[in-house]
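In this text, all values refer to a predicted model and were calculated from it rather than measured experimentally.
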Amino acid sequence: MTMARLSRTTLDKLAPSVRRPRFDPAGLTMGIVHLGVGAFARAHLAWYTQPLLTRDPQWGIAGVSLRSQGTRDALKPQDWLYSCLERDTDNDTVSVMAGVTGVFAAPGNRDALQAMTDPNVRIVSISVSEKGYHRRAVDGALDENDPLIQADLRSPESPSTAPGLIVAALKRRLKAGSPPFTVMCCDNLPENGASTRSLVASFAYLVDPALARTIQDDVAFPNSMVDRIVPATTDDDRELVERTLGVHDAWPVVCEPFSQWVLEDRFSLGRPAWEQADVEIVDNVRPYETMKLRLLNGSHSAIAYLGQLAGWATVSDAIAEQPLADFIHALMTEAASTLRMPASTDVAAYQSALLRRFSNKALQHHTAQIAIDGSQKLPMRIFATAQDRLAAGLRSPCMALVTAAWLRFLQQRNDNGAPLTVDDPNKDKLLNAARAADTPRSLMKSIFALSDIVPGALAASEAFENDVLDALTILSNSGARSTLTKFNHREEVHEYHERFTDGLLAGRVVTGPGAGASCTR
């Protein structure tokens with residue numbers, strides 16, 4: 001017998017333990033269009049917005065899928081409902097999410113542009129991952145030679161990229177006399193609002209210089225910091241959701257209980273009252289963003305590449321290995337030295353919370369997933385820290401080891417000889433350079449010569465090169481496990497670990513704003 005599917009008509013048949021929306025989904029109106037309606041947006045933006053829709057139904061979210069029709073095709077038969085499974089080692093919670101009003105598949109689909117042009121839409125938000133902005137990793141500028149950007153420039157009225165869609169929609173709104181929407185980035189970019197403004201304005205300049213000036217002067221791009229671990233949904237997750245719901249959900253999302261959002265209050269046409277859902281509204285997001293990029297995301301990349309080499313499939317598997325955990329202590333200490341946080345921020349407590357989050361066995365966050373797009377992620381997560389320390393006259397042995405692990409990963413074999421998959425927008429030139437290298441030194445030199453990926457200041461630093469080469473040589477000869485053990489016995493790393501432990505003893509233990517909060521309140 002075929003199981004009934006999640007939909008508005010089956011909401012009243014769900015198990016009592018399932019959290020339901022406290023509003024009629026049919027009564028929502030579209031106020032937000034979100035580009036890149038993947039798992040993260042549905043577990044973060046929608047999660048924060050849903051509790052507010054009972055009193056203020058004008059902020060329904062229309063999703064735009066830039067790459068495929070999978071999300072649209074899965075959610076349409078479900079009246080756009082889906083479930084959010086919050087997983088912890090000791091507890092699972094399932095909530096039905098009902099804030100999405102529809103999903104458009106952007107490639108070749110004019111409905112997405114029409115939705116963004118609707119005067120009721122006051123915010124266009126984005127979560128398309130770092131590569132979805134088509135920016136040069138080394139300096140953050142628009143990559144005008146990107147084939148997809150070139151295609152949008154040839155046909156600016158039928159775009160498929162995020163910058164192209166935003167520019168086309170703003171141009172239509174201004175022509176129709178509608179005020180411009182606010183553009184809200186929800187991705188891991190430095191000063192993500194300002195970065196997005198620069199990228200969008202650069203694209204607009206190539207289409208219409210006058211429009212570019214309007215975008216620079218009149219369109220709001222608030223900076224934000226978003227934080228929630230949202231791994232890929234597994235078959236086991238789907239089975240658990242189905243057993244809990246009592247109906248079939250074709251497209252659930254899985255996440256950790258922790259969630260955080262820090263946001264600047266710069267919205268030209270209003271916004272939902274997100275502060276009522278535990279969003280932190282601040283004047284300056286940059287310190288929080290830097291802390292998250294360098295501590296959480298930097299640690300994630302370290303765990304990913306060392307884990308891939310050592311054969312640790314998930315983050316929780318990796319962090320359970322003491323040599324790796326000790327290294328993450330040192331890495332966080334090295335990165336924390338570059339932070340300039342408000343006095344009210346307890347960095348030690350944030351580090352402590354990260355370690356607990358990494359240990360969440362229920363999430364099954366795969367190191368292979370985090371290892372994707374390294375050339376786009378490492379400049380912000382690792383290289384930026386090393387550059388700041390270099391400018392201060394300090395070495396960065398931990399950042400050098402992560403860099404070396406990434407270089408070793410590009411050779412596509414783990415320490416036992418098993419194949420590794422490199423998924424990266426710069427895959428071809430990275431792998432060509434790696435294949436041409438026959439020694440650790442030539443591998444490092446060939447990748448460091450890619451000036452659009454590795455910052456020139458780091459590539460020209462003899463000290464950083466030496467640290468990377470030392471780590472890469474040991475990784476190549478002895479493997480990740482042995483390298484970590486040897487590395488952790490170094491005198492400066494011992495000092496890092498002591499400072500990390502002293503910080504935890506002095507700091508209070510918290511899980512962060514929004515931790516454990518309900519999707520439906």
Side-chain angles (χ1 to χ4, degrees), residues 32-36 62-67 104 106-224 264 266-269 271 376 425 452:
I32 301 171
V33 170
H34 186 83
L35 307 183
V64 177
S65 180
L66 298 178
R67 298 180 185 174
F104 308 111
N109 192 329
R110 297 181 180 179
D111 294 339
L113 268 181
Q114 185 175 344
M116 295 167 71
T117 310
D118 188 322
N120 289 321
V121 170
R122 285 166 284 168
I123 298 172
V124 169
S125 51
I126 321 169
S127 60
V128 292
S129 79
E130 292 89 345
K131 67 183 176 185
Y133 293 83
H134 306 278
R135 60 198 292 275
R136 295 197 301 254
V138 71
D139 61 5
L142 182 72
D143 184 356
E144 298 177 13
N145 296 318
D146 183 288
L148 293 177
I149 292 295
Q150 286 289 314
D152 278 5
L153 290 173
R154 289 192 295 270
S155 304
E157 291 303 313
S158 56
S160 64
T161 67
L165 278 165
I166 292 169
V167 168
L170 286 171
K171 185 174 183 178
R172 290 187 182 190
R173 285 177 76 107
L174 293 170
K175 184 177 181 180
S178 298
F181 45 66
T182 295
V183 179
M184 184 177 70
C185 177
C186 298
D187 277 305
N188 291 322
L189 303 180
E191 294 185 286
N192 62 6
S195 295
T196 304
R197 173 191 279 115
S198 176
L199 292 162
V200 170
S202 295
F203 183 92
Y205 186 82
L206 300 173
V207 175
D208 181 347
L211 178 59
R213 288 191 292 272
T214 299
I215 289 171
Q216 287 280 20
D217 296 340
D218 299 335
V219 179
F221 289 80
N223 292 305
S224 71
E264 292 174 355
R266 301 176 185 172
F267 291 80
S268 56
L269 299 177
R271 60 167 176 81
Q376 304 294 295
D452 58 337

Output yes when a side-chain donor or acceptor of Asp146 lies under 3.5 Å from a complementary backbone atom of Leu148, and no otherwise. yes
Straight-line distance of Arg172 CZ to Gln114 CD, nearest 0.5 Å: 8.5 Å
Kindly give the heavy-atom pair with the smallest separation between Leu269 and Pro180, and that separation in Å. CD1-O, 3.4 Å
Between the main-chain N or O of Val138 and the side-chain N or O of Asp452, is there a donor-acceptor pair closer than 3.5 Å? no
Answer yes or no: is there a side-chain heavy-atom contact under 4.5 Å between Thr161 and Leu66? no
Within the distance-only criterion (no hydrogens, no angle test), does the side chain of Asp143 pair as donor or acceptor with the backbone N or O of His134 below 3.5 angstrom? no
For Lys171 versus Val207, what's the shortest heavy-atom pair and its separation? NZ-CG1, 4.4 Å
CG of Leu170 to CD1 of Ile215, rounded to nearest 0.5 Å, is 5.0 Å
Heavy-atom pair with the smallest gap, counting every atom of Val124 and Val121: CG2-CG1, 4.3 Å
Taking all non-hydrogen atoms of both residues, which atom of Ile126 and which atom of Ala162 are closest, and how far apart? CG2-CB, 4.5 Å
Are a donor atom and an acceptor atom from the side chains of Asn223 and Glu191 found within less than 3.5 Å of each other? no
Do Pro222 and Phe267 make a side-chain contact, defined as non-hydrogen atoms from C-beta onward lying under 4.5 Å apart? yes
Smallest separation among heavy atoms of Ala212 and Ala201, with atom names: CB-O, 3.5 Å
Residues Val167, Val200; criterion side-chain contact (heavy atoms from CB on, under 4.5 Å); working and verdict: CA-CA 7 Å; Val167 168; Val200 170; 3.7 Å; yes
Find the distance between OG (Ser202) and CD (Gln216) and round it off to the nearest 0.5 Å. 7.5 Å
Inter-residue atom distance Asn120.CG - Ser178.OG, 0.5 Å rounding: 9.5 Å
Determine whether Asn192 and Asp187 make a side-chain contact, defined as any pair of heavy atoms from C-beta on separated by less than 4.5 Å. no
Under the 3.5 angstrom rule, does the side chain of Ser198 hit a backbone N or O of Ala194 as a donor-acceptor pair? no
Are Arg173 and Met116 side-chain neighbours, meaning at least one heavy-atom pair lies under 4.5 Å? no
Using modelled atom types and a 3.5 Å cut-off, is there a donor and acceptor pairing between side-chain atoms of Asp111 and backbone atoms of Phe104? no
Can you tell me if CD on Glu157 sees more than 12 non-hydrogen neighbours from other groups inside 6.0 Å? yes
Distance (rounded to the nearest 0.5 Å) between Leu174 CG and Asp218 CG: 8.0 Å
Mark yes or no for whether Thr182, through its side chain, and Ser268, through its backbone, hold a donor-acceptor pair below 3.5 Å. yes
Between Arg135 and Glu130, is the closest basic N to carboxylate O distance under 4.0 Å? no
Residues Leu113 and Ala168: closest non-hydrogen pair is CD2-CB, 3.7 Å
I want to check something: taking the side chain as every heavy atom from C-beta on, are Cys185 and Tyr133 in contact at a cut-off of under 4.5 Å? yes
Any donor-acceptor N/O pair, Glu144 side chain to Gln150 backbone, under 3.5 Å: no
Give the C-alpha distance, both sets of side-chain angles, the deciding distance and a yes or no for side-chain contact (heavy atoms from CB on, under 4.5 Å) between Ile166 and Val219. CA-CA 11 Å; Ile166 292 169; Val219 179; over 6 Å; no
In Å, rounded to the nearest 0.5 Å, how long is the span from CZ of Phe203 to CG of Leu165? 9.0 Å
Using a 3.5 Å distance criterion without hydrogens, assess whether the side chain of Ser224 forms a donor-acceptor pair with backbone atoms of Cys186. no
Are any of the side-chain heavy atoms of Asp152 and Pro163 separated by less than 4.5 Å? no
